[in-house]
There are 4 protein chains.
Amino acid sequence: MEARDGTDGRRGADGAKQRRRGNTRQRIQDVALELFAEQGYEKTSLREIAERLDVTKAALYYHFKTKEEIIVSLFEDLTKPIEDLIDWGRRQPHTLETKKEIIRRYSDALTAASPLFRFMQENQATVRDLRIGQMFKNRMLGMRDIIVDPDADLVDQVRCVSALFTLHAGMFVMRDMGVDPEDARGAVLEVAIDLVTQAQHGSG
Amino acid sequence: MEARDGTDGRRGADGAKQRRRGNTRQRIQDVALELFAEQGYEKTSLREIAERLDVTKAALYYHFKTKEEIIVSLFEDLTKPIEDLIDWGRRQPHTLETKKEIIRRYSDALTAASPLFRFMQENQATVRDLRIGQMFKNRMLGMRDIIVDPDADLVDQVRCVSALFTLHAGMFVMRDMGVDPEDARGAVLEVAIDLVTQAQHGSG
Amino acid sequence: MEARDGTDGRRGADGAKQRRRGNTRQRIQDVALELFAEQGYEKTSLREIAERLDVTKAALYYHFKTKEEIIVSLFEDLTKPIEDLIDWGRRQPHTLETKKEIIRRYSDALTAASPLFRFMQENQATVRDLRIGQMFKNRMLGMRDIIVDPDADLVDQVRCVSALFTLHAGMFVMRDMGVDPEDARGAVLEVAIDLVTQAQHGSG
Amino acid sequence: MEARDGTDGRRGADGAKQRRRGNTRQRIQDVALELFAEQGYEKTSLREIAERLDVTKAALYYHFKTKEEIIVSLFEDLTKPIEDLIDWGRRQPHTLETKKEIIRRYSDALTAASPLFRFMQENQATVRDLRIGQMFKNRMLGMRDIIVDPDADLVDQVRCVSALFTLHAGMFVMRDMGVDPEDARGAVLEVAIDLVTQAQHGSG
DNA sequence: GATGAATGAGGCTTCATTCAT
DNA sequence: AATGAATGAAGCCTCATTCAT
């Protein structure tokens, strides 16, 4: 019922294109994401990735043109669901019910790709200079346009923005405080929904 | 009547210690902070700092033993008010009124040292490996112990945590959205106080 | 009635040897020569050649054992007429008339293979270390032995040598100065013939 | 009476600027020029230069920002006399006598910096992509404007151009043919002067 | 007749750091 | 209080080449 191909489900997005006999490309992505999330982008060298995979650095370059392309490919593969979600949200009426649904699904999407989002959050300065910086910003603006009502009170706007990065950062922080991930998730989601709900009432 | 030394007032914290005849140490800190905040820690090289100051890299080493020491010194100088605030908070009863006061003063402190906090936020992966990582974490735990009631409902705990990083991130985000900094600050503060207030009521 | 194979006629020299069904070998040579002439030998990578042809690098290795072999094959194919010319010249009496005829035909041969000669001229340092370096040198010595009279006055010897590289370099330079190629060719040829003529009279 | 500082005279041009206690910068230039002339630019690695000098590669980067800057510095230092010569030539009437004088002095200048010019000649493809490519081209155009009369017969124009690269290439070629350098120089110079003289009479 | 995948060597460059002066 | 000169380690990347399929 889950992860039907034994690869944590993330191959679903791009179809069969890259299912070469060897699966090195995929393995590079997996190891890279793990190391990027753990140590940061700049402190993870291609040498290190290659060593973990027991291939040479040059092999990485067979699969990716640059170091940046590795992270870009991860971002593209893993944030497809979010892109879809935003597209969906744009076409809905921006009611409270829609917003709550968006928040719920967004929370799911973040959880599914949590190493990537941990990475994005902890490497903002780096990410800003990479191609994914702009991509990420655009997605965030997309979310904002759905969640935040530009005519609302400034305080209510902050509530909505706060809901978003409560989702982004909340889970990691609570986890670091020793709370069970599943519990943390539920509590964070509740607070986020609460925030947008209050925002709606305030402006309504 | 203000900023008696022409350096935006930030020398106030550490007293006369470093007020040597030359002010190079200070200038190094200023330039370093600017560049760290703008580009990140790893992407800012000592060469770059030295060039901006029109001194040699070796001069930096006269004033600081390592690159890390520069950021440590900035952290220590600029977060003294927060340390004091936590010390104060610890000695107060953990009432809602105290918490609100803490939030208010914390907001002031963040604003006063906003480039540093922008830096901390955007370079978390890097900061984690530096000495300031632990320092910062300890401060955050100190704040948490004052603001968050461990016996409270998990959701209310999240509310408090969320209040804290709403303060941390909120101002930067709102500013990036084109809101006037002073307005942003007020709105962010209001949301944060709201969150701890709700938390208190929930658990009360 | 001309260029019976649609490839500007240069296949004429080596006969049927390489007329396999596919024409990849030929296409590799054409693209390689173009790029070598344009960018130089070292700055042209096999990747680049392969990409232009929309084949893989490995395909190049099916047709040529090494990168060097590509340039060697070009040299051999394209300088066959010059080799023949030298063989012919050797068997003639070294009269002024013969020399003039050699110069004329040499000019034709250079024109026919001008990208190769442009390449040879602009990559002398590289060529020296390749197999074609020695081949080329031998050809030049062959020409010299026909054109230059070793008993002649040193100045006259220089005249003859100068005639040769006036031919080699002259056309490219004049073309770069915006002169019509056909005109340039004529003028260059006249100066070269003049030089050997003067040399003959001087030593006679 | 010559080379008053034991460094073959080439320090004369840039004055005392770089006469540091250590003379590493100068030694880098010397070794680099030797290797560039011998093996070509691309085939000479910074590792090789550093090893010959028994310093690390990083030391090279203390003195020169890039590999290209090494060759640029050599070009600038060593072709100063030619630049001066062109400036002088521009201010003279373009009579035959002036042209002959230019040719003579140019020959001297080439001889003085012959390794550099050997390098330029044998690495044209490379040089074209470096900053010195344009510099060199500009100098050549400067010479051309003095030596070549644009109203003259095309053949006479070729004579003048031919005179120039007879000077450039002649010496190296004759030397390779086993002729005494001093004799070669004289003969080459005579042919070059002859060519411009003929050109003048033709158009006069 | 060609590809996909990989390698080993080596390229240029940058960095934090040191130390004698 | 600072400089000039240098180092060692490491970074990203590219190349010609190989080989099983």
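In what follows, every heavy atom counts, from backbone to side chain, and hydrogens, waters and symmetry copies are set aside. Letters A, B, ... are given to chains in the order of the sequence lines, protein chains preceding strands, and every chain is numbered from 1.
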B:L60 or A:E68, whichever maps to the more 5' nucleotide of DNA chain F: B:L60
Residues C:I70, C:I28; criterion side chain to side chain contact (heavy atoms under 4.5 Å, CB included); working and verdict: CA-CA 8 Å; C:I70 299 179; C:I28 293 170; 4.2 Å; yes
Proximity to the side chain of A:K67 - top-ranked nucleotide from F:dC12, F:dA5, F:dT3: F:dC12
Presence of donor-acceptor pair under 3.5 Å, side chain of C:K57 and base of F:dT17: yes
All salt bridge (charged side-chain N to carboxylate O under 4.0 Å, His left out) counterparts of C:R27, not counting sequence neighbours: none
Nearest listed nucleotide, side chain of A:H63, among E:dT3, E:dA5, F:dA2: E:dA5
Qualifying ring pair (Phe, Tyr, Trp, His ring centres under 6.0 Å) pairs with a residue from residues 24-45 of chain A, counting only residues at least two apart or across chains: A:F36-A:Y41, A:F36-A:F119
For C:K57, all residues meeting side chain to side chain donor-acceptor pair (under 3.5 Å), sequence neighbours excluded: none
Rounded distance (Å) that lies between atom C1' of E:dT18 and atom CZ of B:F64: 18 Å
Residues forming a side chain to side chain donor-acceptor pair (under 3.5 Å) with A:E38, sequence neighbours excluded: none
Sequence-distant partners of A:E68, salt bridge (charged side-chain N to carboxylate O under 4.0 Å, His left out), two or more places apart: none
Closest to the C:Y61 side chain, choosing from F:dT3, F:dT17, E:dG8: F:dT17
Between C1' of F:dT18 and CD of C:E69, the distance in whole Å: 16 Å
Partner set under side chain to side chain donor-acceptor pair (under 3.5 Å) for B:E42, not counting sequence neighbours: B:T126
Residue-phosphate contact under 4.0 Å: D:Y62 side-chain N/O, F:dA5 OP1/OP2: yes
Atom pair distance, as rounded to whole Å: CG in A:N23 and P in E:dG4: 17 Å
D:R118/D:E122 salt bridge by N-O under 4.0 Å criterion: yes
All salt bridge (charged side-chain N to carboxylate O under 4.0 Å, His left out) counterparts of B:R52, not counting sequence neighbours: B:E34
Proximal nucleotide (of F:dT18, E:dT14, F:dT3) relative to the C:A58 side chain: F:dT18
Salt bridge (charged side-chain N to carboxylate O under 4.0 Å, His left out) involving B:K137 - partner list, sequence neighbours excluded: none
Along DNA chain F (nearest heavy atom to each residue), the more 5'-positioned of D:A59 and B:T56: B:T56
Separation of atom CD in A:Q26 from atom P in E:dG4, rounded to whole Å: 19 Å
Watson-Crick or G-U stems of DNA chain E, 3 or more pairs, under 3.5 Å, by first number: E:2-21 with F:2-21
Partners meeting side chain to side chain contact (heavy atoms under 4.5 Å, CB included) with D:E48 (sequence neighbours left out): D:L35, D:Q39, D:T44, D:S45
Sub-4.0 Å heavy-atom contacts from residues 127-135 of chain B onto DNA chain F, ordered by number: none
Gap between atoms CG and C1', on C:L53 and E:dT3 respectively (whole Å): 15 Å
A:V55 vs C:D54, nearer the 5' end of DNA chain E by closest nucleotide: C:D54
Upstream residue (5' side of DNA chain E) when A:R27 and B:T66 are each assigned their closest nucleotide: A:R27
F:dA1 OP1/OP2 closer than 4.0 Å to side-chain N/O of B:T24: no
B:E69 (side chain) donor-acceptor with B:T66 (main chain) under 3.5 angstrom: no
Sub-4.0 Å heavy-atom contacts from residues 40-51 of chain B onto DNA chain F, ordered by number: none
